[in-house]
Amino acid sequence: MTSLQKGVRKMMENVKKEFLLGRSYPVQLDEKMPNTHRWGILGSGWIASCFSTQVIKAGGNIAAVGSRELKKAQEFQREFPSIKKVYGSYEELIKDPDIDVIYVATPHAQHHEWAMKCLQHNKPILVEKAFTQNYKQAKEILDLAKEKNLFVMEAYWTRFLPHIIKVKELIDRGEIGDIVQIIADHGVYFPFDPKHRLYAPELAGGALLDLGVYPISFVQFLLGNPTRIIAAGSATPTGVDSNDAAIFEYENGKGTLAILAFGSLASSPITAAICGTKGRIEIERQFYRPSDFTVFYNDGSTFEYVSKTHENYEDGRGGLFGMHFEASEVQRCLLEGKVESSVMPWEDTLSVMKIMDEIRRQLDFKYEGETL
Ligand SMILES: NC(=O)c1ccc[n+]([C@@H]2O[C@H](COP(=O)([O-])OP(=O)(O)OC[C@H]3O[C@@H](n4cnc5c(N)ncnc54)[C@H](OP(=O)(O)O)[C@@H]3O)[C@@H](O)[C@H]2O)c1
């Protein structure tokens, strides 16, 4: 290739890169959150602390925290001194008329109870993933929200992250052609501890609800609902699932498949590859957190998306970062009078719960008192 040809090729690559970077899926990606709503935090655990760090850093207003113990709420306030009110019960938080929206950050087994109570007291809610234990509980919450015309969103923060928004945009406009396969995994080693929420059946533990929900909701976001699911998995001595895989089949005329693996007994790459007829997108570890990706085209060319996530969002304390994007979406929806987000709609939450019920049905694994 002559130097002129090389120069032209470089120029064309740059033009293409500018073009690919220049458009955006319709979600705002404000680094700053306006202080329009007073958030209440329900449950003062690890994720509540990550969420509060990010929201406060972005300019949002965490106004109160409720814990089952006043002492723990006070400890949380010491970590975040801008929080004005602390409550030694969730009920007091829910009844506070000065709270506009509540973030439910308890283990899965408590999501249904507290989400319902929040709605009964007319509070809009953002509920941590997995939204509930099963489809039935999710439906009850969303039926009540519909009846009371109140906002509810599952806190599947991945859908609001810059790199995922870009991936969705590229796929929607056919950049990699028709999707043939998606391969995604989420394995995190958690030493076995029967009391840990991941292994405790009474807290609705298990790899599926905790870790599997990430690749499942990711695939559901890109491909919709599968027509067939084939699942395999094994359980821990406490009886919750711990090492699972699933294949989703789509009768979309293209024979599309998704291959997912998730578990708590070993750490896995935590990457995602979306393979299409014109090329593939590889999202780097950890795909569900702020990350980078590369598009590999069939002609050998590539496009790299670098989100500079660590410099931009890292909180310096080993927690999750980038959670303010989902919180911003909640505030935008509330300002616009919406009851659901178009990016994480109720229908998708219900579909994800239905998929997880089906996987558990195939693994023959139920939580106590449950019918699937
Ligand atoms: N978005 C993400 O990436 C992400 C990451 C990790 C976890 N999560 C989700 O966040 C939720 C909480 O996880 P976490 O890691 O924050 O758990 P955690 O550290 O154990 O905190 C959960 C909190 O829930 C409250 N709680 C209420 N009832 C409880 C009970 N019976 N047993 C134990 N705690 C109870 C406790 O707060 P008080 O003592 O203050 O009442 C506890 O601190 C889960 O739904 C999980 O899947 C999301």
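Sequential numbering from 1 along the given sequence is applied to the chain's residues.
Formation of a donor-acceptor pair under 3.5 Å by the His163 side chain with backbone atoms of Ile283 is not found in this model. Panel note: side chain Tyr103, backbone Ala327; no donor-acceptor pair is recorded below 3.5 Å. Proximity of a side-chain donor or acceptor of Asp357 to a complementary backbone N or O of Tyr135 within less than 3.5 Å is detected. Without hydrogens or angle criteria, His324 side chain to Ala58 main chain gives no donor-acceptor distance under 3.5 Å. Looking at Arg159, its side chain does come within 3.5 Å of a backbone N or O of Val343 through a donor-acceptor pair. In this structure, Gln362 contributes its side chain and Ala231 its backbone to a donor-acceptor pair below 3.5 Å. Arg38 places no side-chain N or O within 3.5 Å of a backbone atom of Asp100 that could act as its donor or acceptor partner. Between the side chain of Lys338 and the main chain of Arg332, no donor-acceptor pair closer than 3.5 Å is present. With hydrogens and angles disregarded, a donor-acceptor distance shorter than 3.5 Å links the side chain of Lys123 to the backbone of Asp96. Within the 3.5 Å criterion, the main-chain N or O of Ala261 finds no donor-acceptor partner in the side chain of His186.
Looking at Met323 and Val55, their side chains never come closer than 4.5 Å, going by heavy atoms from C-beta outward. Using a 4.5 Å heavy-atom cutoff, the side chains of Phe293 and Lys166 are in contact. Looking at heavy atoms from C-beta onward, Ile62 lies in side-chain contact with Ile41 at the 4.5 angstrom threshold. No side-chain heavy atom of Thr132 sits under 4.5 Å from any side-chain heavy atom of Lys139. Side-chain atoms of Cys275 and Ile182, non-hydrogen and from C-beta on, never get closer than 4.5 Å to each other. Considering only heavy atoms from C-beta on, Pro215 comes within 4.5 Å of Phe262 through its side chain. Looking at His37 and Asn61, their side chains never come closer than 4.5 Å, going by heavy atoms from C-beta outward. Considering only heavy atoms from C-beta on, Val104 stays 4.5 Å or farther from Leu126 through its side chain.
The distance from the CD1 atom of Ile216 to the CG atom of Leu260 is 6.5 Å, given to the nearest 0.5 Å. Between the CE atom in Met356 and the CD atom in Glu358 there is a gap of 13.0 Å [rounded to 0.5 Å].
A salt bridge between Glu91 and Lys95 is absent, with no side-chain N of the basic residue lying under 4.0 Å from a carboxylate O of the acidic one. A salt bridge links Lys168 with Asp172; the closest basic N to acidic carboxylate O contact falls under 4.0 Å.
Considering every non-hydrogen atom in both Ala200 and Val240, the closest pair reads C-CG1, 4.3 Å. Nearest heavy atom pair, residue Ala130 against residue Leu209, reads CB-O, 3.4 Å. Shown here for Gly40 and Leu93, the closest heavy-atom pair between the two residues is CA-CD1, 3.9 Å.
Checking Glu92 against Ser89 by side-chain atom types alone, a donor-acceptor pair falls below 3.5 Å. Side chains of Asp185 and Ser268: a donor-acceptor N/O pair is present below 3.5 angstrom, by distance only. Of the N and O atoms on the side chains of Gln286 and Tyr214, not one donor lies less than 3.5 Å from an acceptor on the other residue. When only modelled atom types and interatomic distance are considered, Thr158 and Arg289 share no side-chain donor-acceptor pair under 3.5 Å. A donor and an acceptor atom, one from each side chain of Ser242 and Tyr199, are nowhere located under 3.5 Å apart. If you check the side chains of Glu249 and Thr227, you find no donor sitting under 3.5 Å from an acceptor. Side-chain polar atoms of His112 and Glu140 form a donor-acceptor pair below 3.5 angstrom. The closest side-chain donor-acceptor pair between Ser49 and Glu79 falls under 3.5 angstrom.
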Open item on the list: Between Val188 and Ile270, does the side chain to side chain contact (heavy atoms under 4.5 Å, CB included) criterion hold? Intermediate values first, please.
Closed with: CA-CA 8 Å; Val188 183; Ile270 317 185; 4.0 Å; yes
With side-chain hydrogen bond (donor to acceptor under 3.5 Å, both in side chains) as the criterion, how do Ser291 and Glu284 come out once you've worked through the C-alpha distance, each side chain's angles and the decisive distance to 0.1 Å? CA-CA 6 Å; Ser291 189; Glu284 290 175 17; 4.9 Å; no
Quiz item: side chain to side chain contact (heavy atoms under 4.5 Å, CB included) between Val352 and Val213: does it pass, once the steps are laid out?
Solution: CA-CA 8 Å; Val352 168; Val213 68; 4.1 Å; yes
Trp39 and Phe51: ring pair (Phe, Tyr, Trp, His ring centres under 6.0 Å), yes or no, with the steps? CA-CA 11 Å; Trp39 286 82; Phe51 179 86; 5.4 Å; yes
Q.
side-chain hydrogen bond (donor to acceptor under 3.5 Å, both in side chains) for Gln331 and Thr36? Distances and angles first, verdict last.
A. CA-CA 7 Å; Gln331 294 195 166; Thr36 50; 3.1 Å; yes
- Checking side-chain hydrogen bond (donor to acceptor under 3.5 Å, both in side chains) for the pair Asp178/Thr277: CA distance, chi angles, key distance, verdict? CA-CA 5 Å; Asp178 293 333; Thr277 49; 4.6 Å; no
request  = Carefully, step by step, assess Val295 and Tyr305 under the rule side chain to side chain contact (heavy atoms under 4.5 Å, CB included).
outcome  = CA-CA 8 Å; Val295 187; Tyr305 175 89; over 6 Å; no
After noting the C-alpha distance and the side-chain angles of Lys129 and Asp210, does the key distance pass the salt bridge (Lys or Arg N to Asp or Glu O under 4.0 Å) rule? CA-CA 7 Å; Lys129 54 48 73 174; Asp210 212 284; 3.6 Å; yes
ask   = Going through the checks in order, is the side chain to side chain contact (heavy atoms under 4.5 Å, CB included) test met by Tyr288 and Phe218?
value = CA-CA 8 Å; Tyr288 75 93; Phe218 174 72; over 6 Å; no
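Linking Ile, Leu, Val, Met, Phe, Trp and Tyr residues whenever their side-chain heavy atoms come within less than 4.5 Å leaves Ile183 and Val180 in two separate clusters. No chain of hydrophobic side-chain contacts below 4.5 Å, direct or via other Ile, Leu, Val, Met, Phe, Trp or Tyr residues, connects Leu257 to Tyr250. One hydrophobic cluster, built from ILVMFWY side chains closer than 4.5 Å, holds both Ile47 and Phe160. Ile102 and Leu335 sit in two unconnected hydrophobic clusters of ILVMFWY residues. Membership requires side-chain heavy atoms under 4.5 Å apart, directly or through other members. Tracing side-chain contacts under 4.5 Å through hydrophobic residues (I, L, V, M, F, W, Y), one never reaches Phe192 starting from Leu203; they form parts of separate clusters.
Lys117 NZ: more than 12 foreign heavy atoms inside a 6.0 Å radius. When the shell of 6.0 Å around NZ of Lys354 is examined, it contains 12 or fewer heavy atoms from other residues, nucleotides or ligands. Dense packing is recorded around CG of Asp299, with more than 12 heavy atoms of other residues, nucleotides or ligands lying under 6.0 Å away. At most 12 heavy atoms of other shown residues, nucleotides or ligands fall within 6.0 angstrom of atom CZ in Arg228.
By the 30° and 60° cut-offs, the orientation of the rings of His196 relative to Phe190 is tilted.
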With a cut-off of 3.5 Å and sequence neighbours excluded, list every side-chain donor-acceptor pair involving residues 148-155.
unit_1	atom_1	unit_2	atom_2	d
Lys148	NZ	Gln120	O	3.4
Lys148	NZ	Asn122	OD1	3.1
Glu154	OE1	Thr349	OG1	2.8

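The stretch residues 340-372 participates, sequence neighbours left out, in these ring-ring contact (aromatic ring centres under 6.0 Å, His included) pairs: Phe365-Tyr367.
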